[in-house]
Amino acid sequence: MSVSCVYEFDVVVVGAGHAGVEAALASARVGAKTALLTMNCDTVAQMSCNPAIGGVAKGQIVREIDALGGEMGRVIDATGIHFRMLNASKGPAMHSPRAQADKKAYQFEMKNRVEQQPNLTLCQEMVESLVTENGKVAGIRVAGDALYRARAVVLTTGTFLKAIMHTGEQKAEGGRAGDKAAHGMSASLKELGIELRRFKTGTPARLNGRTIDFSRCEPQPGDDNPEPFSYMTDRITQPQIHCYLTSTTPEIHEIIRANLHRAPMYSGQIQSTGPRYCPSIEDKVVRFAEKETHQIFLEPEGRNTQEVYCNGISTSLPRDVQDQIIRRIPGCENAQIMRYGYAVEYDFAPPTQLHPTLETRRVEGLYFAGQINGTTGYEEAAGQGLIAGINAARKVAGKSAFALDRSQAYLGVLVDDLVTKGVDEPYRMFTSRAEYRLLLRQDNADRRLTPIGLELGTVCAERAGRFRAYDEELGRAFAAMKKLRAQGATLEEWLRRAPTWEQVYEAFPDVAAMNLSEAVRRQMEIEAQYAGYVRRQETEIARLQKVDSIRIPDPFDFRSLVQLRMEAREKLSRHKPSTVGQASRISGITPADIAVLMFYLARGPATEQESV
């Protein structure tokens, strides 16, 4: 096939959603000459669904992205319109920041940062296929017979692969209302031997806020002193906008039940799996039939628009049914629908086909990030993009791969879950998935990950300076907690009793003289509160890491281990774990299977006679 133009890059990122922008920025910052290709430069970092960042466990991910030098936290701090710390009444390990974004301001701010990044070129292109040579990525072919040559490619295709939108009986091609579907890439991936499956997601109607009677809804104000996402943001200064709470009614539920035969998920029109933890209103009415109401959060989409997002009633019901539902929501009786809800079906690649670096096992130099890996959510996508972009750039530079352990970050939990367990429904992060969540708090993400970002080269000089000053101050404070005593107790023991700082300063004059910042004082309080639990978790981590770090040679013939159960041989052969720890987390693998594997690895390769 002829090529009209050839462009030379180190790394090409396909797709400029939340995964794509973080992948491209990270790749460029690590030092790779990077191209970011998108179908439409006007939709860079567009929020296809809810214009919000963070939430339970997701807020922790955003702070981890920020600590590693990513951009999501800084952009939401600059463009947020409503900030809340979720679970604030619970312990610090459960605190999760969340912010409503000004949808367009977020999009434009992120696009501007992409455009300003050295080493990064943003291009509007329709991607058609991957180009490979000898089992390795060689580039991307785009419409117009042009070729972007690169030694690493990151695919962040979102919901666009062979995407179909559903509203009742009506179907249309597209990965988002107003945007086209991508067809060529699915065929290209299949030709390379990569398995694809189908998932679905959905979105609710948007209303004209001018036509909503908010006096009939419950106001949901933001926090009085909102906490920033980014460690680079001193404080949030822009005024906040209220969200509002209303609900469905028994009458609405009856309308939905009467029209289930017209809902694509129930008519058989859609057969793919949707997100369990963000179900459509149809699913809620069926699965929770005993509930008479479900909450609906009315969330403004920006400062300069009247558009309101109806969080809680994602649907693919027909337009006339959506009209009936909206008219019966308290406060929305006269509301005008600006956009109707719909569902999207799309291709994804089961993530057990990936290494922990997010590089595909089939094609060297090809990385996947975001919804192509079967995840859901802007935050999970952005985190994967960051990891994939770093690894793509490091591979091109001949450097070692980068991966995070489950004990280091929620991002480590996310990637490990994907590549070892796979997905049978769109994956969403929860605090319950992280066994070391007392260590993986949103408040200490910088202490956990910024030193790693410094080594990787993703952290800017200003952030590095701030962190080092903070870390030195914190080091002095922690030393004082162990060393200083008053009335027979250490400072750490004092802080565990939750005294006021005036009481602490009176008992410990040396601490008063240190003139500690508010951020350091808060870390001292949290560390004292969790000290015993943290020490136990650190001991458990050290014990498990001895097993987890045992490498499994690549390639390795699991089928030759006749002592293993047939199921274990099949699953280990399919997943190809790189460590014993990964093997232990594969569904269906038992402790007895791991014992056999470890015994074999300790002995070394069996002789031909022993294998028979």
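Every value quoted in this text rests on a predicted model; they were computed, and no experiment measured them.
Rounding to the nearest 0.5 Å places CD1 of Ile53 at 7.5 Å from CZ of Phe229. The distance from atom CG of Leu449 to atom CG of Leu411, rounded to the nearest 0.5 Å, is 7.0 Å. With values rounded to the nearest 0.5 angstrom, Ser578 atom OG is found 12.5 Å from Phe556 atom CZ. Annotation: the span from Lys399 atom NZ to Ile390 atom CD1 amounts to 11.5 Å, rounded to 0.5 Å. The CG atom of Asp347 lies 5.5 Å from the CG atom of Leu161; values are rounded to the nearest 0.5 Å. To the nearest 0.5 Å, atom CD of residue Glu379 and atom CG of residue Leu414 are 11.0 Å apart.
A distance-only check finds a donor-acceptor pair linking the side chain of Thr34 to the backbone of Ala32 [under 3.5 Å]. Side-chain atoms of Gln100 do not come within 3.5 Å of backbone N or O of Cys243 as any donor-acceptor pair. Looking at Thr360, its side chain does come within 3.5 Å of a backbone N or O of Val363 through a donor-acceptor pair. Checked by atom type and distance alone, the side chain of Ser230 pairs as donor or acceptor with a backbone atom of Met232 at under 3.5 Å. The closest donor-acceptor contact from the side chain of Asn311 to the backbone of Phe297 lies at 3.5 Å or more, if one exists at all. Looking at Arg585, its side chain does come within 3.5 Å of a backbone N or O of Gly581 through a donor-acceptor pair. Judged by distance alone, the side chain of Thr159 and the main-chain N or O of Gly175 form a donor-acceptor pair under 3.5 Å. When atom types are taken as modelled, the side chain of Tyr378 and the backbone of Cys49 share a donor-acceptor pair closer than 3.5 angstrom. Between the side chain of Arg74 and the main chain of Glu71, no donor-acceptor pair closer than 3.5 Å is present. Judged by distance alone, the side chain of His82 and the main-chain N or O of Ile241 form a donor-acceptor pair under 3.5 Å.
The side-chain heavy atoms of Arg29 and Leu25, taken from C-beta on, include a pair separated by under 4.5 Å. Looking at heavy atoms from C-beta onward, Val21 lies out of side-chain contact with Lys111 at the 4.5 angstrom threshold. Val44 has its side chain within reach of Leu122: a pair of non-hydrogen atoms, C-beta onward, lies under 4.5 Å apart. Using a 4.5 Å cut-off on side-chain heavy atoms (C-beta onward), Thr79 and Arg303 make no contact. Side chains of Phe467 and Tyr231 form no contact here, defined as non-hydrogen atoms less than 4.5 Å apart. Contact annotation: the side chain of Val62 never approaches that of Pro97 to less than 4.5 Å [non-hydrogen atoms, C-beta and beyond]. Considering only heavy atoms from C-beta on, His95 stays 4.5 Å or farther from Asp443 through its side chain. Annotation: side chain of Gln46 is in contact with side chain of Lys104 (closest heavy-atom distance under 4.5 Å).
When all heavy atoms of Thr203 and Tyr309 are compared, the closest pair comes out as OG1-CE1, 4.2 Å. For the residue pair Ala19 and Ala369, the shortest heavy atom distance occurs at CB-O, 4.0 Å. Of all heavy-atom pairs spanning Leu516 and Arg521, the tightest one is O-NH1, 2.8 Å. Scanning all heavy atoms of the two residues, the minimum distance from Val423 to Asn373 falls at CG2-O, 4.2 Å. Scanning both residues, Gln60 and Leu440, for their nearest heavy atoms gives CG-O, 4.0 Å. The two residues Ala409 and Leu404 have their closest heavy-atom pair at CB-CD1, 4.0 Å.
A salt bridge between Asp66 and Arg463 is present, with a side-chain N of the basic residue lying under 4.0 Å from a carboxylate O of the acidic one. Under a 4.0 Å N-O distance rule, the pair Lys395/Glu364 qualifies as a salt bridge. Arg151 has a carboxylate O that lies under 4.0 Å from a charged side-chain N of Asp10, or vice versa, which qualifies the two as a salt bridge. Contact check on Arg468 versus Glu472 returns no salt bridge, with no Lys/Arg side-chain nitrogen under 4.0 Å from an Asp/Glu carboxylate oxygen. Using a 4.0 Å cut-off between charged nitrogen and carboxylate oxygen, Glu492 and Arg535 count as a salt-bridge pair. A salt bridge does not link Arg536 with Glu538: every distance from a Lys NZ or Arg NE/NH1/NH2 to an Asp or Glu carboxylate oxygen is 4.0 Å or more.
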(message) Test side chain to side chain donor-acceptor pair (under 3.5 Å) on Asp405 and Ser407; report intermediate values, then the result.
(response) CA-CA 5 Å; Asp405 187 79; Ser407 64; 2.6 Å; yes

(message) What verdict does the salt bridge (Lys or Arg N to Asp or Glu O under 4.0 Å) test give for Asp234 and Arg466, after you've listed the backbone C-alpha separation in whole Å, the side-chain angles of each residue and the deciding distance to 0.1 Å?
(response) CA-CA 11 Å; Asp234 293 324; Arg466 280 192 176 210; 3.2 Å; yes

(message) Apply salt bridge (Lys or Arg N to Asp or Glu O under 4.0 Å) to residues Glu527 and Arg522 and explain how you reach the verdict.
(response) CA-CA 9 Å; Glu527 289 295 330; Arg522 179 60 179 151; over 6 Å; no

(request) In sequence, state the C-alpha distance, the side-chain angles, and the governing distance for Gln523 and Arg447, and then conclude on side chain to side chain donor-acceptor pair (under 3.5 Å). (result) CA-CA 11 Å; Gln523 282 297 291; Arg447 290 165 51 203; 2.4 Å; yes

(request) Using the side-chain contact (heavy atoms from CB on, under 4.5 Å) rule, take Tyr410 and Thr431 through it: C-alpha gap first, then chi angles, then the decisive distance, then the call. (result) CA-CA 8 Å; Tyr410 272 86; Thr431 52; 3.4 Å; yes

(request) Starting from the C-alpha separation in whole Å, work towards a yes-or-no answer on salt bridge (Lys or Arg N to Asp or Glu O under 4.0 Å) for Asp416 and Arg406. (result) CA-CA 7 Å; Asp416 187 64; Arg406 296 180 72 90; 2.8 Å; yes

(message) For a side chain to side chain donor-acceptor pair (under 3.5 Å) check, start with the C-alpha distance between Gln384 and Thr375, then their side-chain angles and the critical distance, and finish with the verdict.
(response) CA-CA 10 Å; Gln384 292 171 70; Thr375 61; 3.0 Å; yes

(request) Give the C-alpha distance, both sets of side-chain angles, the deciding distance and a yes or no for side chain to side chain donor-acceptor pair (under 3.5 Å) between Gln353 and Arg361. (result) CA-CA 6 Å; Gln353 301 173 97; Arg361 297 179 183 274; over 6 Å; no

(message) Show, in sequence, the C-alpha distance, side-chain angles and deciding distance for Arg496 and Glu525, and conclude whether the salt bridge (Lys or Arg N to Asp or Glu O under 4.0 Å) test is met.
(response) CA-CA 7 Å; Arg496 208 170 296 155; Glu525 292 169 347; over 6 Å; no

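Partner Glu227 forms a salt bridge (Lys or Arg N to Asp or Glu O under 4.0 Å) with one of Arg63, Arg98, Arg84 and no other, that one being Arg63.
Side-chain contact, Gln408 with Tyr436: no donor N or O sits under 3.5 Å from an acceptor N or O. Looking only at atom types and distance, the side chain of Arg428 has no donor-acceptor partner in the side chain of Thr376 under 3.5 Å away. Thr233 and Asp77 share a donor-acceptor pair across their side chains, judged by distance under 3.5 Å alone.
Dense packing is recorded around CZ of Phe430, with more than 12 heavy atoms of other residues, nucleotides or ligands lying under 6.0 Å away.
Taking the centre and axis of the six-membered ring of Tyr427, the NZ or CZ atom of Arg433 falls inside the cone set by 45° and 6.0 Å. By the 6.0 Å and 45° rule, Arg394 does not stack over the aromatic ring of Phe402.
With sequence neighbours excluded, the residues forming a salt bridge (Lys or Arg N to Asp or Glu O under 4.0 Å) with Lys421 are Asp417, listed by chain and number.
Between Phe199 and Tyr346, the angle of the ring planes goes over 60°, which puts this pair in the perpendicular group of the 30/60° scheme.
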